[in-house]
Trainee: 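Please read through the structure below; I'll follow up with questions.
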Number of protein chains: 2
Amino acid sequence: MATGRTHRPATRSRGIPEATVARLPLYLRALTALSERSVPTVSSEELAAAAGVNSAKLRKDFSYLGSYGTRGVGYDVEYLVYQISRELGLTQDWPVVIVGIGNLGAALANYGGFASRGFRVAALIDADPAMAGKPVAGIPVQHTDDLEKIISDNGVSIGVIATPAGAAQQVCDRLVAAGVTSILNFAPTVLSVPDGVDVRKVDLSIELQILAFHEQRKAGEESAEGGPLPAAASRGAAADDSADQGPDGDVPAVMPA
Amino acid sequence: MATGRTHRPATRSRGIPEATVARLPLYLRALTALSERSVPTVSSEELAAAAGVNSAKLRKDFSYLGSYGTRGVGYDVEYLVYQISRELGLTQDWPVVIVGIGNLGAALANYGGFASRGFRVAALIDADPAMAGKPVAGIPVQHTDDLEKIISDNGVSIGVIATPAGAAQQVCDRLVAAGVTSILNFAPTVLSVPDGVDVRKVDLSIELQILAFHEQRKAGEESAEGGPLPAAASRGAAADDSADQGPDGDVPAVMPA
DNA sequence: ATGTCTTTGTGAACGCGTGCACAAAGATGG
DNA sequence: CCATCTTTGTGCACGCGTTCACAAAGACAT
């Protein structure tokens, strides 16, 4: 639905590939650095190197935005910074709420980079009554009871979930019901949301496990290959050898597993 | 510029697709939850639903590991937990060092999930002399000067970088020189590493910016379309309207930009 | 103005990942 | 022992993303 092509034959169609969108912030960062060094223009080759991507890929990415380069010269840094910022929607202010002010939530709240990128921490929310009123990063923590009102009053459309896994879905449901349509989830859970709501997940544990996989591969598998198999259906095969004291989903959020 | 290729040249040894490897931790988490509820077997349909993926994809993923299912019945939960854990290398202990004990580093150190997944925080390292000896999460912070010795003594092969962007490459170089071959990078920088070293990046700012893009799209662009363009090469077009007090790369790490 | 040189923008080929659809395998019941 | 039913494992087709390679566009020098 609504995927109909616009009559406009303009090169700037609305179909920017997801993979390209994911790289735009990368380019923007590199361009911002160049801007601070007062570099007027960059070639696709230079910028690609700075962003760590292939130059052809970068040019193709930019081609989806339009023809902003000058052949023989390169791209105007300031102009491109503006275009990408606009495309990403960073020229406007995005109020954000962080739910779950544990270690990670506090770390996020303390991060100064929010404000400098169009994101503003509108509120910090936690379910612990003892946290209420206590300032974190200069912002007083508010109780979950007021979640709906906070969302509504501040016109929040982006929410960050940094709660334990057990609370994530419930918090998510309330955020969505209150009007949030984009969620950044740090809890180790698969969230179900209605159509029209975007969810992105940040999962440190998964990243570490992927690294472990490659690490194991690099170390060669002669030592652990063809190892003995546990009795097919015996108890607790292996893996989680220890620390089973609590359900896995009970952890704060940073390190889902 | 020795732009160390971070991409793997297709580790064709076992031939498990990268996309599959990235999903294995997801399956493992769902399986662990089932295991704790003493569920003996699951069908690909059920497990796929729990992991939030397509059942055909899940079956294909498992097919790369071998034929561990029983037709007409499903998969033995405990057995699969073991197989995936083994494949990911989680049956062995992985000593990990965290460099940069700021808000995020502390949050990571405090996370209890490390130990329960085969990962062990071997040391916390920070460049601030004032931090030295101060315990975080029960582990005394050590100074950067001892980095090499720490890596060596503990046989660390996985490092987590949670430093400001400005220090990341330098820390990375020292980690690699000391023997680390897998790095999880939280700093907003493109790290260059020699071949054979894996780098994975966690970048909250990018995630937020991607959400903002979709959010803007959802809101409809009738209000900001065809907007005025800034003088081609004028100063700071927009985007970074405020908070320029320091270079962007000066931020701790959680929120790269 | 003209030629040369640099760099963009993109057509086309290729490879990977995804999802469908179905045959084979095995459990279960009569 | 045979029929039926469930669920796996996978061949195949499709679409997206990546990369190559090159013609066109424009700057710059003469």
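Numbered from 1 within each chain, the chains take letters A, B, ... in sequence-line order.
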Trainee: Can you name the closest pair of heavy atoms from A/K218 and B/D198 and give their distance?
Mentor: NZ-OD2, 3.1 Å

Trainee: Can you tell me the distance, in whole Å, between the CG atom of A/L80 and the P atom of C/dT8?
Mentor: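 Going from A/L80 (CG) to C/dT8 (P), I get 11 Å.
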
Trainee: Does the salt bridge (Lys or Arg N to Asp or Glu O under 4.0 Å) test come out yes or no for A/D203 and B/R29, once each step is laid out?
Mentor: CA-CA 12 Å; A/D203 197 321; B/R29 179 182 300 159; 2.6 Å; yes

Trainee: Pick the nucleotide of DNA chain D nearest each of B/Y68 and A/E18; which residue has the one closer to the 5' end?
Mentor: B/Y68

Trainee: Please tell me if B/S44 has a side-chain N or O lying less than 4.0 Å from either OP1 or OP2 of D/dT7.
Mentor: no

Trainee: Name all residues meeting the salt bridge (Lys or Arg N to Asp or Glu O under 4.0 Å) criterion together with B/D93; count only those two or more places apart in sequence or in a different chain, and write none if there are none.
Mentor: B/R120

Trainee: My understanding is that only residues two or more places apart in sequence, or in another chain, count here; which of them pass side chain to side chain donor-acceptor pair (under 3.5 Å) with B/T41?
Mentor: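 In terms of side chain to side chain donor-acceptor pair (under 3.5 Å), with neighbours along the sequence ignored, B/T41 is linked to no residue.
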
Trainee: In whole angstrom, what separates B/Y64's OH from D/dG9's P?
Mentor: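 From B/Y64 OH to D/dG9 P: 13 Å.
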
Trainee: Measure CZ/A/R23 against C1'/D/dT18 and give the value in whole Å, please.
Mentor: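 To the nearest whole Å, that distance equals 8 Å.
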
Trainee: In whole Å, what is the span from the CD atom of A/E46 to the C1' atom of C/dT7?
Mentor: 11 Å

Trainee: According to ring pair (Phe, Tyr, Trp, His ring centres under 6.0 Å), who are the partners of B/Y75, at least two apart in sequence or on a separate chain?
Mentor: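 Expected list: B/F62.
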
Trainee: To the side chain of A/P17, which of D/dG17, C/dT18, D/dT10 is closest?
Mentor: D/dG17

Trainee: For A/T20, what residues pass the side chain to side chain donor-acceptor pair (under 3.5 Å) criterion, not counting sequence neighbours?
Mentor: A/D61

Trainee: Starting at CZ of A/F62 and ending at P of D/dA25, how long is that distance when rounded to a whole Å?
Mentor: 22 Å

Trainee: Tell me: CG of A/D61 to P of C/dT10, nearest whole Å?
Mentor: 13 Å

Trainee: Find the distance B/E45:CD to C/dG19:C1' and express it as a whole number of Å.
Mentor: 13 Å

Trainee: Excluding sequence neighbours, so at least two apart, what forms side chain to side chain donor-acceptor pair (under 3.5 Å) with A/S157?
Mentor: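 Testing A/S157 for side chain to side chain donor-acceptor pair (under 3.5 Å), a comparison that skips the adjacent residues, returns none.
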
Trainee: Within the structure shown, what part of the strands sits under 4.0 Å from A/Y75 by heavy-atom distance: base, sugar-phosphate, or nothing?
Mentor: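 If one applies the 4.0 Å heavy-atom cut-off, A/Y75 turns out to touch the sugar-phosphate alone, with no base involved.
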
Trainee: Rounded to whole angstroms, how far apart are NZ on A/K57 and C1' on C/dC16?
Mentor: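 Whole-Å distance recorded here is 13 Å.
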
Trainee: Which pairs, protein N/O on one side and nucleotides 20-24 of chain D N/O on the other, fall under 3.5 Å?
Mentor:
unit_1 : atom_1 : unit_2 : atom_2 : d
D/dA21 : N6     : A/R59  : NH2    : 3.4
D/dA24 : N3     : A/R71  : NH1    : 2.8

